[in-house]
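Everything below concerns the one structure shown next.
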Amino acid sequence: MEHPIRIAPSLLAADFSRLGDEVRSVEAGGADWLHLDVMDGHFVPNLTFGPFVCQAIDKVAAQPLDVHLMITDPWQYADAFLDAGADCLTFHVEVAAKGDARALLRRIRARGAKAGLSLQPDTPAEALRPFVGELDLVLVMSVFAGFGGQKFMPEVLTKVPAIRAMGFDGEVAIDGGIGPSTIAAAAKAGVNVFVAGTAVFGASDRAARIAELRALAAAAR
Ligand code: DX5
Ligand code: ZN
């Protein structure tokens with residue numbers, strides 16, 4: 001089954017002093033999902049925001065919130081983000097052994113959200129195998145989590161067919177360094193959700209950039 005192409009602007013690259021306007025700007029420009037990067041200063045050496053800001057975004061957003069938890073303890077915070085409007089909740093497979101990851105994925109689904117796991121660039125696809133049956137989405141990092149504006153790592157794309165070979169038929173997202181020069185390779189590899197921070201928020205015409213990304217992805221499939 002082929003999943004729809006989804007362009008998911010990462011709000012990490014937005015102007016946080018005018019977050020409502022920034023959300024409306026990319027939604028008017030055709031964004032399919034809004035990607036929210038949550039960092040705890042522990043799993044990654046950076047801090048962003050928590051459920052309170054997620055809820056504020058949910059109030060102004062019409063499109064689904066795709067929440068990417070770059071945190072060591074997703075068990076502690078998952079319900080708070082689901083309460084705050086997360087439609088898709090993804091945590092990192094690198095922390096999966098710190099608790100019952102399968103139970104957490106089931107909990108996310110039971111609450112009506114899509115459940116996702118993300119892989120750092122140096123984590124093999126194989127790490128997902130025990131969880132394939134509980135997953136709606138896999139988020140392949142194409143930079144090391146923690147900061148926007150980094151350079152795309154094309155070598156991570158070989159994980160996409162490896163994940164499919166495990167029988168995973170959900171959505172595959174990519175995050176980091178996605179823009180007009182990198183999106184086609186990701187689409188060709190089988191990715192359908194494209195997270196883009198700098199490439200969308202840094203564009204002078206965001207609607208044109210989103211349309212350009214969508215067209216490049218569609219042409220590469
Ligand atoms: C990195 C984040 C990304 C980031 C992508 O830790 O997960 O979502 O915002 O930013 P760009 O598109 O600028 O590489
Ligand atoms: Zn992200």
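Whatever order the structure lists ligands and atoms in, that order sets their numbers, starting from 1. Remember, predicted model here, so these are calculated numbers, not experimental data.
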Original post:
Tell me, which N, O or S atom in H68 is closest to the Zn ion (ligand 2)?
Top reply: ND1
Original post:
Any idea which atoms of ligand 1 are less than 4.0 Å away from a heavy-atom of H35?
Top reply: 8 (O)
Subject >> Where ligand 1 meets T198 - atom numbers and elements under 4.0 angstrom, heavy-atom basis >> reply: 11 (P), 12 (O), 13 (O)
**OP:** Number the atoms of ligand 1 from 1 as they appear, then name those within less than 4.0 Å of a heavy atom of M141, with their elements.
**Re:** 7 (O)
Original post:
Hey, is ligand 1 close enough to G197 that some N/O pair sits below 3.5 Å?
Top reply: yes
**OP:** Going by heavy-atom distance to atom 10 (O) of ligand 1, choose the closest among P9, A196, G148, G179.
**Re:** G148
**OP:** Mind reading off the angle at the Zn ion (ligand 2) between the OD1 atom of D37 and the NE2 atom of H35, rounded to 10°?
**Re:** 90°
**OP:** Output yes when the distance from some N or O of ligand 1 to some N or O of G176 is under 3.5 Å, and no in every other case.
**Re:** no
Subject >> Distance from atom 5 (C) of ligand 1 to nearest protein heavy atom, with residue and atom >> reply: D175 OD1, 3.5 Å
Subject >> Considering only N, O or S atoms of D175, the one closest to the Zn ion (ligand 2) >> reply: OD2
**OP:** Could you say whether the N/O atoms of G177 and ligand 1 ever approach to under 3.5 Å?
**Re:** yes
**OP:** Would you kindly say whether D66 and H68 are connected by a side-chain donor-acceptor distance under 3.5 Å?
**Re:** no
Original post:
Does the side chain of H42 come under 3.5 Å of the side chain of T72 through a donor N or O and an acceptor N or O?
Top reply: yes
Original post:
Identify the closest protein heavy atom to atom 11 (P) of ligand 1: which residue and atom is it, and at what distance?
Top reply: G149 N, 3.6 Å
**OP:** State the atoms of ligand 1, each with its element, that fall below the 4.0 Å cut-off from a heavy-atom position in V195.
**Re:** 8 (O)
**OP:** Considering the heavy atoms of D37, write down every atom of ligand 1 situated less than 4.0 Å from one of them.
**Re:** 2 (C), 3 (C), 4 (C), 7 (O), 8 (O), 9 (O)
Subject >> Audit row: R107, E134, salt bridge (charged side-chain N to carboxylate O under 4.0 Å, His left out) steps and yes/no >> reply: CA-CA 10 Å; R107 165 104 189 132; E134 326 283 349; over 6 Å; no
Subject >> Ligand-residue contact atoms, ligand 1 with H68, heavy atoms, under 4.0 Å >> reply: 7 (O)
Subject >> Nearest neighbour in protein (non-hydrogen) for atom 1 (C) of ligand 1 >> reply: F147 O, 3.5 Å
Original post:
Taking distance alone, with no angle check, do M39 and ligand 1 share an N/O pair under 3.5 Å?
Top reply: no
Original post:
Taking the minimum heavy-atom distance to atom 6 (O) of ligand 1, which of S10, A8, A13, G146 ranks first?
Top reply: G146
